[in-house]
Amino acid sequence: MKRTHHCAQLRASDEGKTVVLFGWVSSYRDHGGCVFIDLRDREGVTQLVFDPELAGHGDQPRATHDLARALRSEWVVAVQGVVKGRGANKNSRLPTGEIEVHGFELFVFNKSETPPFEIADSIDTSEEKRLQYRYLDLRRAPLQRTLRVRHRIHQITRRYFDDNGFLELETPVMVKYTPGGARNFLVPSRMNAGKFYALAESPQLFKQLYMVAGFDKYFQIVKCFRDEDLRLDRQPEFTQIDVEMSFVNQDDVFRVMEGLVFGIWKEVLGVDLKELYPSGRFPQMPFDESMAKYGNDKPDVRFDLPHVDITRVVVDHGGGGVPFWKTIADKLSAGDAHRDAVTDIVKALRVPAELAGKMSRAEIEKLEEFVKGMGAKGLARAKVDAEGNWVQSPLAKMITPELRLAINARVEARDGDLVLFQFGRESVVQTVMANLRIHLAKKLGLIPDSGHGGKWKFLWVVNPPLFEYDDERKTWVAAHHAFTRPHDDCIDRLEKDPGKVLCWRYDLVLNGFEIGGGSIRLHDPAVQAKVFRTLGISDEDARSKFGFLLDALKYGAPPHGGIAIGMDRLSMLLSGSESLRDVIPFPKTQRGTDLMTDAPNVVSPEQLAELKIRVVEPPAGA
RNA sequence: GGGGUGGUAGUUAAGUUGGUUAUAACGCCGGCCUGUCACGCCGGAGGCCGCGGGUUCGAGUCCCGUCCACCCCGCCA
């Protein structure tokens, strides 16, 4: 038998045809007389009927009917039959619902054990079980759809870049370890005992070498590997749309990527982003503004609830009678509030009365548990009444009326508003407040718990600082990487005031997720030397770490820059999936294991001996 | 490394103050049923209560440890 149609293909116009379908038994309903089978393949479902009285095929239908009664879920079968209209019995929920196939010949390719969960659109099964039987999970329609979306994105991406003169070029996966950035997975070299390759965390250096080599416009859909702890939106191996261009500025990069994203949304979702962004451009927000208003560099601007930094007001009032705030005020007014020291800040978040009214006092108190889980010591709060008094607030008794009114004015508090405060170490305050803002938005129904909720808020976050101060090591470190080009008007600050040096780095943010990031690269050896000096990297250090790139940049490197888009996150947001694991065919658990194959695993002593590797602490149970 | 949630039948869950034989739904097996499409009806099987220890006359339930999954912080230039 040769397949003639797939399971989503037949319509009323096919009535009378003799067809052959292949597929999986999705469900069976045995009525003693007729047996109904829903036959499923990757395209859809068609109802089969096995009627012992089917005319015109001799005794065959009776034998086939007996065989059909034995069919069970997920058996793989071939059926030959006649397409018949269903008349009044049609099923409007199925695209093929107006017909059914009356089978007179049936062949079982393979039986199936009873699957551990139903192969249905919506199942109530733990993710653990789904990952263990991933090949069955992938048989379900939602995952089939998601992987098709990924396929479409791949095809659109390749066509887009090809049309725009980009070359798809490969880079090595097994590379030399370079320090800094994400932790690498290491691969031992059998032929060079005691030495290791690193799995590339990104093709960064190689794509820059392509620019030096004159390829001008490069792209690649490429796997990257990072040995860091996992999250909802982080897997140890993931896919990037990696791009690099010569002779471009930041805006050129933005235009290219905006074109790609508009194209993907149009073709995959049928959404015309021009209706939301008529200029064809995504808005841009300075890094500093993002940190001030949202506490991180990937703001979800589908809703408002901005933070207000009230550090200045608190300092001006000497802490306003609040002991913790006085400590901060004393410290900052003493003049050590530089970026090169641990800084304390005070932030407020005003929940407008109409939203605050939705939360009970108990719910508001539960917020404190939430922030404590993130390292906060507590959550100061105040309800503001019509006279501007603070009620239900531990601060109310201590705070001076002057500071209270100054804060009310600063956060524009009105009757019934709830104001939440965080103060202390800047990094903690920012993290806590950023997460609190999202948490509140979900609790208050401003955004759904997961998914886009029909809103697409894109944003370029631009002009971040080139350096960050590392409190523990007491040194400046590169915020992105050491080859990011600083703004020209910042170059004289490289040595005097490194914290104030802004650079040509950018992140593309969608609904609170960083879906891509990149930079214009530093190709001027003189400026590069100054950057290394600020980072405390000696000439010898630089040579041993990045020698091949520094050498390459000496041989006529064009100005260049690029970006990488997280394919998995893009797919996740586009498909409204709850986690990266739903858009990656074979994902890892939070501990980086594969529940299906049981990777990673121990290897034999012989394999280790060949690699000259001795395991110091054998894993438990090994 | 830290904080939180969960783990009971194939699956998802309930399980009271520690007390007789650990429930239910779906699934599975057998039987009946000619129009179902969440088919229906009758009957049946199915348990290492994650694992180890402790308290107790007695532990799914209380205590300690541990493993696994998920969410978050740290980490991820």
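A, B, ... follow the sequence lines: proteins, then strands. Residue 1 opens every chain.
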Base, sugar-phosphate alone, or nothing: which one does [X] contact when heavy atoms must sit under 4.0 Å apart?
| X | answer |
| --- | --- |
| Asn91(A) | base |
| Lys372(A) | nothing |
| Ile123(A) | nothing |
| Thr484(A) | nothing |

Supply the atom-to-atom distance [X] [atom1] to [Y] [atom2], rounded to the nearest 0.5 angstrom.
| X | Y | atom1 | atom2 | answer |
| --- | --- | --- | --- | --- |
| Gln220(A) | Glu244(A) | CD | CD | 12.0 Å |
| Arg139(A) | Arg40(A) | CZ | CZ | 6.5 Å |
| Gln250(A) | Cys503(A) | CD | SG | 9.0 Å |
| Lys84(A) | Ile99(A) | NZ | CD1 | 12.5 Å |

N/O (side chain, Thr593(A)) to phosphate O (OP1/OP2, rA69(B)) under 4.0 Å: yes
So, is Thr431(A) near the phosphate of rG74(B), with a side-chain N or O under 4.0 Å from OP1 or OP2? yes
Start at the 5' end of RNA chain B and walk down; is the nucleotide closest to His481(A) or to Leu131(A) reached first? Leu131(A)
[atom1] of [X] versus [atom2] of [N]: gap in Å, rounded?
| X | N | atom1 | atom2 | value |
| --- | --- | --- | --- | --- |
| Glu74(A) | rG10(B) | CD | C1' | 15 Å |
| Arg231(A) | rG3(B) | CZ | C1' | 12 Å |
| Asn184(A) | rC76(B) | CG | C1' | 12 Å |
| Glu369(A) | rG3(B) | CD | P | 15 Å |

Annotated protein contacts, base or backbone, on nucleotides 26-35 of chain B with a non-hydrogen cut-off under 4.0 Å, one of B, S, - each: --SSS--BBB
Considering only heavy atoms and no angle criterion, is a donor-acceptor pair shorter than 3.5 Å present between the side chain of Arg234(A) and the base of rC76(B)? yes
Can you check whether any acceptor in the base of rC76(B) is under 3.5 Å from a donor in the side chain of Asp229(A), or vice versa? no
Would Asp137(A) and Arg134(A) satisfy salt bridge (Lys or Arg N to Asp or Glu O under 4.0 Å), going step by step from the backbone distance to the final call? CA-CA 5 Å; Asp137(A) 199 25; Arg134(A) 188 61 167 177; 2.9 Å; yes
Distance between [atom1] atoms of [N] and [M] (Å, rounded):
| N | M | atom1 | result |
| --- | --- | --- | --- |
| rG50(B) | rA13(B) | P | 13 Å |
| rU5(B) | rA9(B) | C1' | 24 Å |
| rC29(B) | rG10(B) | P | 15 Å |

Taking only heavy atoms on the protein side, list every residue of residues 585-592 of chain A lying under 4.0 Å from any atom of RNA chain B, sorted numerically. Thr589(A), Gln590(A), Arg591(A)
Between Arg29(A) and Gln47(A), is there a side-chain donor-acceptor contact under 3.5 Å, judged purely by atom types and distance? yes
